[in-house]
Amino acid sequence: MLGSDLFRAAGLLAATAAGAAALAGFAPELRAAGVLPAPAERETLVYTVIEMTERFDTRRACPLDLDTARQKIERQIDRLGFQPVYSPIADGPDVLTHEFLAERNVGAPAAAPACAWQVAALLNGRMTPASRDIDGQPLSAVDQLTPALTHLLADRSAAPSS
C-alpha cells in the first residue's frame, strides 16, 4: 500500500512539473493571446551614492568600494519591489541618496579592519537614522538600512519634514 501511494505522489509531481514547464515555455504566446496577464511593471527608483568623508587622510586610508556598495544597494532596492536605476549625478527629492561616511580606527590591531562605514539614506527630505558596519564586515551598514528604507519608501510622495 505504501508503494502505491509513493507511486501516485511521484506521478503527480512529474505531471505538475511537466505542466509548469509547458506553461513557462508557452508563456509569451499565452500572454500575447490574453490568456495570461502581462507581468506587472515595477516602479523605477533612481538612486545615487555620495561619499561624505571629510578628512583627507581617512578618505585615502578608507576608499569607498563603489561597486560593492552599488551591488548591495541594488539588491536591497530590488528586494523592496523597485527597479533600481543608478545615476552618479542625480539630485532632487525623488532620488534616493545614500550618504557614506568612513570612520578610521587608528589603534586597530593589524588583523582587525581599520575602517568602518556609517550609512544613511535620504528621500523626499526625510533621512533614515545612520547605520554602522557590524563585526568588521565592510559595508554591512547598507544591509542594516533595510527596515528604515522600508518605512522611507512606503510613502514616496510624503512632503519634506520641517
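Listed here is the closest heavy atom pair of Ala141 and Ser131: O-OG, 2.6 Å. Closest approach of Ala90 to Ser87, counting heavy atoms only: N-OG, 3.2 Å. Met127 and Glu99 get closest at one heavy-atom pair: CE-OE1, 3.2 Å.
Put simply, OG1 on Thr146 and CD1 on Ile77 are 10.5 Å apart, with the number rounded to the nearest 0.5 Å. The CZ atom of Phe82 sits 10.0 Å away from the CG atom of Leu149 when rounded to the nearest 0.5 Å. Here SG of Cys115 is found 10.0 Å from CD of Glu103. Values are rounded to the nearest 0.5 Å.
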Should Arg104 and Arg55 be marked as a side-chain contact (heavy atoms from CB on, under 4.5 Å) after you check the CA-CA gap, both sets of side-chain angles, and the distance that decides it? CA-CA 10 Å; Arg104 185 173 173 207; Arg55 293 182 50 107; over 6 Å; no
Step-by-step side-chain contact (heavy atoms from CB on, under 4.5 Å) determination, Val142 to Ile73: CA-CA 7 Å; Val142 175; Ile73 292 167; 3.9 Å; yes
Can you check side-chain contact (heavy atoms from CB on, under 4.5 Å) on Thr128 and Gln144, steps first, answer last? CA-CA 11 Å; Thr128 64; Gln144 304 302 319; over 6 Å; no
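Taking 4.5 Å as the limit, some side-chain heavy atom of His98 sits within range of a side-chain heavy atom of Leu145. Residues Trp117 and Leu64 form a side-chain contact, since some pair of their non-hydrogen atoms from C-beta on lies under 4.5 Å apart. Using a 4.5 Å heavy-atom cutoff, the side chains of Asp133 and Ser140 are in contact.
Enclosure of atom CZ in Arg79 by more than 12 non-hydrogen atoms of other residues, nucleotides or ligands within 6.0 angstrom is indicated. Counted within 6.0 Å of CG on Asp78, heavy atoms from surrounding residues, nucleotides or ligands total more than 12; the atom is thus considered enclosed.
In terms of modelled atom types and a separation under 3.5 Å, the side chain of Thr97 and the main chain of Thr48 share no donor-acceptor contact. Looking at Glu51, its side chain does come within 3.5 Å of a backbone N or O of Thr53 through a donor-acceptor pair.
By the rule that hydrophobic residues join a cluster once side-chain heavy atoms approach within less than 4.5 Å of another member, Ile50 and Leu139 end up as members of separate clusters. In the hydrophobic cluster analysis, where Ile, Leu, Val, Met, Phe, Trp and Tyr join through side-chain heavy atoms closer than 4.5 angstrom, Leu80 is grouped together with Val119. Both Tyr86 and Leu96 are assigned to one and the same hydrophobic cluster, defined by single-linkage of ILVMFWY side chains at heavy-atom distances under 4.5 Å.
Listed by chain and number, the residues in a side chain to side chain contact (heavy atoms under 4.5 Å, CB included) with Asp67 are Asp65 (sequence neighbours excluded). Gln83 is linked by a side chain to side chain contact (heavy atoms under 4.5 Å, CB included) to Arg42, Thr44, counting only residues two or more places apart in sequence or in another chain.
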